[in-house]
Amino acid sequence: MSDVIKIKRGVDINLVGKAEEEFAAPVSVETAAIKPTDFKGVRFKLSVKEGDEVKAGTPLLYNKDDEAVKFTSPVSGEVAQVVRGAKRKILEVRVLADKKNEFEDFGSADPVALEREQVVEKMAASGCWTFLKQRPYNIVAETSKTPKAIFISGFDSAPLAPDLGVLLDGNEKEFQTGINALAKLTSGQVHLGLNASKPVGRVLSSVKGVKVSKYEGPHPAGLVGVQIAKNDPINKGETVWTINPEHVVIIGRLFLEGKFDARINIAMAGSEVKERKYYATILGAAVKNFIEGNTSDKKNRIISGNVLTGTKIDSEGYLGTYDRQITVIPEGEDPEMFGWLIPKPDKFSISRALPSWFQRQIGNPTYELDTNLHGERRAFVVTGQYEEVFPFDIYPVQLIKAIMTNDIERMENLGIYEVVEEDFALCEVVCTSKIPVQETVRKGLALMKEEVG
Amino acid sequence: MKALHNFVEGKIKPNFEEGAKLEKLWPVYDGLYTFLFVPGHTAHSGAHIRDGIDLKRTMNTVITALIPCLLFGMWNVGYHHYNALGMDVTFFDQFLFGAIKVIPMVIVSYGVGLGIEFLFCVLKGHQIEEGYLVTGMLIPLIMPVDLPLWMLALSVIFAVVIGKEVFGGTGMNIFNPALLARAFAFFAYPTWMSGDKVWINTDVAEGQAVVDGFSGATILGDLATTGATSYSAFEAFLGLIPGSVGETSTLLIIAGAGLLIFTGIGSWKIMLSGVIGGATMGVIFNLVAPYAISPEQQAFMAVPFWQQLIFGGFAFGIVFMATDPVSGSQTEKGKWVYGFLIGFFAIMIRVFNPAYPEGIMLAILFMNTMAPLIDHYVVEANIKKRQKRLELKTAGA
């Protein structure tokens with residue numbers, strides 16, 4: 001069928017605490033939330049106020065610049081709280097779930113028989129539209145655009161990531177229906193990237209109407225950005241959309257059953273989690289019930305998402321819309337005497353100046369890493385480091401420097417349209433100078449969006 | 001460790017915090033604290049886990065790679081000193097003599113250099129960065145042993161202030177600071193930096209005398225003036241020759257190169273292409289030697305090309321100076337060109353211009369200025385490729 005694309009530049013960081021591939025007993029979801037901070041490039045406007053009764057699929061917020069696009073409640077219940085931050089920026093809209101489990105009715109339909117506008121309308125009204133991310137800029141897809149392709153990565157290569165085959169199992173019909181809907185949205189094809197070195201599960205292997213490509217190699221092989229770059233890189237003026245496969249399932253349910261059924265499966269992983277398993281839950285669920293009694297007593301960091309790109313939350317926090325795992329690792333606030341001198345074996349490094357490299361040659365060690373930076377922020381000194389973990393045909397350091405100097409033309413020339421923050425996560429990890437790379441890329445994307453549009 | 005940390009945090013830190021008496025000296029406190037402890041800073045944005053490498057460990061690895069050259073240099077100074085006096089002394093005596101000569105150079109280099117770095121950091125309120133740790137070790141190793149310490153100090157001041165701080169400090173400099181120090185000394189005090197008097201210490205105590213027929217010239221000095229040298233290639237390879245303190249032993253430089261290449265901290269691309277560049281020029285000279293304009297130059301050109309690589313500071317420069325990531329080429333493709341041209345020009349300069357037998361210094365400094373240009377063309381090629389992709393696309397549509 002398709003040739004295997006080999007990713008050479010990258011690294012797998014094996015951490016302690018991978019989730020077993022079995023489902024734990026269900027955890028009740030008492031509240032769920034939409035976090036506007038998950039969505040870039042959107043100006044939010046509330047459509048509800050605290051105390052309002054909502055059903056699953058009732059709009060909580062909408063996009064001021066693209067009013068059809070609603071951000072809907074994942075559960076039925078009552079709007080409990082609108083959490084705001086500085087300048088009254090909305091941080092969370094929390095919904096207290098009731099037991100009634102009521103859904104808004106959007107009407108079922110076979111997407112194959114619908115016009116593009118009808119698909120767009122249905123998805124936008126139900127909240128499913130917000131799953132689509134748009135490149136350039138990594139923003140929520142604009143309904144006015146038609147992308148040249150839609151890309152889906154069918155595997156997650158990040159540290160401690162769950163197996164998507166297991167997460168999606170049993171949703172063949174929903175997934176296929178979702179793909180059929182997506183096919184209406186693009187002028188090109190729907191691409192699906194699969195792991196060449198592992199079984200991918202029935203859902204992904206049996207789907208039709210997609211262009212499959214297979215990848216082999218270390219992280220970031222599973223990043224959709226890498227898969228776009230290897231298939232059909234984004235040129236200036238072009239638009240590509242991306243979506244997670246678990247969200248395709250939710251879109252499928254929308255067309256099959258006419259409702260916004262936001263059930264998803266996630267993994268609990270990380271060295272500080274006790275019951276590391278897969279859990280069935282709901283989009284935007286409160287993590288409290290997952291964390292309580294299920295983590296060690298250390299001072300921990302709870303991450304919605306993986307350790308490379310996830311968001312730090314506290315035990316009262318909520319699962320991010322695009323995240324498929326909760327990771328708990330220890331905070332690393334202890335200073336270490338002569339830590340820069342002693343070659344301790346418990347640190348991960350791609351540099352051979354630490355024992356980590358030897359460990360990886362003789363075995364397959366797993367690391368119990370904490371959040372310590374292992375050094376201080378410095379100017380760029382070392383060269384050639386980012387390139388080792390960055391499988392794009394882009395000069396990463398030069399691009400970062402262009403962003404730092406707000407040089408729009410150079411950013412464009414060096415390929416900023418092709419990348420998003422997560423593509424640089426490994427660069428950030430391996431950086432000797434501890435440069436906040438993802439934050440810098442975000443800044444660059446925001447500036448480009450503002451200046452170029 | 002805990003007790004020491006508590007003491008530092010509790011008793012010392014408050015003196016330097018905002019509003020305290022020594023507030024302005026915060027960078028100094030911070031520099032010393034982070035030397036003792038890797039701070040408990042955690043990732044606040046982006047990735048939650050980080051690689052164990054930092055700039056301190058990187059610099060420390062380079063210094064480790066330099067230590068064999070330093071120790072050998074100390075012994076070599078003593079060895080040549082007692083040879084010049086015709087005295088047969090023990091290995092330990094030779095080492096001790098050299099150590100007494102070289103250690104003050106190291107102390108002056110670090111003392112003056114770090115002093116200026118600290119001063120600038122305090123003035124600018126910046127953190128102290130580690131760049132000078134390697135520079136401070138390199139400078140004494142590339143100077144002749146008899147250079148007066150005050151000249152060394154002035155060279156260091158020039159290198160740090162003009163070479164680095166005016167550009168914004170570590171990571172921002174255009175030239176390799178250590179080489180800039182050497183270049184400054186070379187042009188400011190030529191009689192102390194070249195000729196045949198400065199490479200071997202010939203201070204005589206009462207009752208001692210320099211042996212008859214002694215020459216203190218380096219191999220390159222000999223070759224440039226007479227076209228011949230009394231040292232064998234094997235001696236040159238081991239390092240039993242006069243020269244700057246740490247540059248003589250190709251063997252130990254290769255050992256250092258091994259560490260740098262193995263850890264990935266020194267670019268093997270620059271080193272390899274540098275050697276290829278030097279060898280290429282050497283071969284060219286070998287071929288055109290019969291057409292040289294003078295007998296001395298003919299003899300110099302006829303030196304087997306591989307010997308050119310072990311004479312003088314070529315090996316030291318290629319391994320420890322050309323690989324400086326800040327002043328060198330920063331793209332992987334550019335590194336090949338950069339290294340090759342350094343090797344090529346180094347041999348060319350030393351043969352064509354007998355006044356500058358140490359061509360490697362000028363070659364690296366010259367290529368430092370050229371490195372951004374090389375990178376520009378490499379990056380430009382990437383940009384062109386992207387534009388071409390777009391043009392093809394629009395043409396097809």
Side-chain angles (χ1 to χ4, degrees), chain A residues 13 15 159 233 235-236 301 303 307-310 312 329 331-341 344 347-354 356 369 371-376 378-384 387 393-395 397-398 413-415 425 428-434 436-439, chain B residues 1 4-5 9 30 33-61 127 129-131 168-172 262-265 267 269 325-326 328-332 335 375 378-380 382-383 385-387 389-390 393-394:
Chain A
I13 306 174
L15 299 182
N235 296 304
K236 185 184 178 184
R301 175 169 299 194
I303 302 160
V307 292
L308 298 180
T309 58
K312 178 184 171 180
I329 57 171
E331 287 282 3
E333 291 175 342
D334 290 329
E336 192 189 347
M337 193 164 187
F338 295 120
W340 55 274
L341 186 61
K344 280 179 77 177
K347 290 177 184 149
F348 171 84
S349 182
I350 64 157
S351 160
R352 290 182 296 267
L354 279 132
S356 175
L369 299 186
T371 62
N372 194 286
L373 280 180
H374 301 300
E376 302 108 273
R378 291 292 179 249
F380 275 113
V381 171
V382 180
T383 59
E387 287 83 349
D393 188 18
I394 285 174
Y395 283 91
V397 177
Q398 282 71 16
N413 285 336
L414 289 173
E428 184 169 65
V429 172
V430 303
C431 183
T432 298
S433 298
K434 314 294 175 191
V437 180
Q438 291 189 80
E439 194 180 293
Chain B
M1 179 217 142
L4 179 64
H5 187 259
E9 285 270 296
D30 185 62
Y33 173 81
T34 56
F35 177 77
L36 272 178
F37 301 97
V38 170
H41 298 164
T42 56
H44 285 299
S45 83
H48 300 270
I49 54 170
R50 300 298 171 98
D51 195 294
I53 192 90
D54 68 345
L55 201 52
K56 282 194 177 67
R57 191 183 297 271
T58 307
M59 294 295 180
N60 186 49
T61 307
Q127 278 188 317
E129 304 213 0
E130 291 79 6
T170 297
M172 313 293 174
F262 182 75
T263 56
I265 283 171
S267 167
K269 290 173 189 162
V326 175
S329 187
Q330 304 188 348
T331 54
E332 297 305 300
K335 283 173 184 172
D375 285 341
V378 172
V379 173
E380 205 60 29
N382 179 267
I383 292 173
K385 203 163 133 192
R386 186 164 291 112
Q387 279 164 352
R389 197 176 74 201
L390 176 62
K393 195 94 180 186
T394 36

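Below, read A as the first sequence line, B as the second, and so on, with proteins coming before strands; counting in each chain starts at 1. Because the structure is predicted, anything quoted here is derived from the model rather than measured.
With a 4.5 angstrom heavy-atom cutoff, B/Q127 touches chain A only via side-chain atoms. In this structure, the portion of B/T61 lying under 4.5 Å from any heavy atom of chain A is its side chain and not its backbone. In this structure, the portion of B/K335 lying under 4.5 Å from any heavy atom of chain A is its side chain and not its backbone. Contacts between A/I303 and chain B at a heavy-atom distance below 4.5 Å involve the side chain alone, from C-beta outward. Heavy-atom distances place both the backbone and the side chain of A/L414 under 4.5 Å from chain B. Looking at B/E129, the atoms closer than 4.5 Å to chain A (heavy atoms on both sides) sit in the backbone and in the side chain alike. For B/S45, the parts lying under 4.5 angstrom from a heavy atom of chain A are both the backbone and the side chain. In this structure, chain B has a heavy atom under 4.5 Å from the side chain of A/L15, while its backbone stays farther away. For a residue to count as touching a neighbouring chain, one of its non-hydrogen atoms must lie under 4.5 Å from one of that chain's; by this rule A/E428 touches chain B with backbone and side chain alike. In this structure, the portion of B/H5 lying under 4.5 Å from any heavy atom of chain A is its side chain and not its backbone. Only the side chain of A/R301 comes within less than 4.5 Å of a heavy atom in chain B; its backbone stays farther off.
For the atom pair NZ (A/K434) and NE2 (B/H41), the distance works out to 12.5 Å, reported to the nearest 0.5 Å. Separating the CG atom in A/D393 from the NZ atom in B/K385 is a distance of 3.5 Å, to the nearest 0.5 Å. Distance CG/A/L373 to CG/B/D54: 10.0 Å, rounded to 0.5 Å. In this structure, CD in A/E387 is found 9.5 Å from CD in B/Q330, a value given to the nearest 0.5 Å. Between atom OG1 of residue A/T432 and atom CD of residue B/E130 there is a gap of 11.0 Å, rounded to the nearest 0.5 Å.
With A/W340 as reference, B/V38 is the one residue of B/T58, B/L36, B/I53, B/V38 to meet the side-chain contact (heavy atoms from CB on, under 4.5 Å) rule.
Interface check for chain A: of the options B/G168, B/G46, B/G169, B/G131, the most heavy-atom pairs under 4.5 Å are formed by B/G46. No other option in A/V437, A/V307, A/L341, A/I329 has as many heavy-atom pairs under 4.5 Å with chain B as A/V307. Contacts with chain A were tallied for B/V378, B/N382, B/L4, B/D30; B/N382 has the most, counting heavy-atom pairs under 4.5 Å. Counting heavy-atom pairs closer than 4.5 Å to chain B, the top-ranked of the candidates A/A425, A/P436, A/G310 is A/G310.
Nearest heavy atom pair, residue B/R50 against residue A/N372, reads CB-O, 3.9 Å. B/R386 and A/N235 get closest at one heavy-atom pair: O-OD1, 4.4 Å. Shortest non-hydrogen contact noted between A/A353 and B/I265 is CB-CD1, 3.9 Å. Across A/K347 and B/G52, no two heavy atoms sit closer than the pair CD-CA, 4.1 Å. Scanning both residues, A/A379 and B/G171, for their nearest heavy atoms gives CB-CA, 4.4 Å.
Looking at heavy atoms from C-beta onward, B/T170 lies out of side-chain contact with A/R378 at the 4.5 angstrom threshold. Within the 4.5 Å cutoff, the side chain of A/E333 has heavy atoms near those of the B/T42 side chain. Residues B/D375 and A/Y395 are not in side-chain contact: their nearest non-hydrogen atoms beyond the backbone lie 4.5 Å or more apart. In this structure, the side chains of B/I49 and A/I13 come closer than 4.5 Å at one or more pairs of heavy atoms. Counting heavy atoms from C-beta on, the side chains of B/Q387 and A/K236 never come closer than 4.5 Å.
In this pair, B/F35 and A/F338 present their aromatic rings perpendicular. The plane angle is above 60°, beyond the 30 to 60° band.
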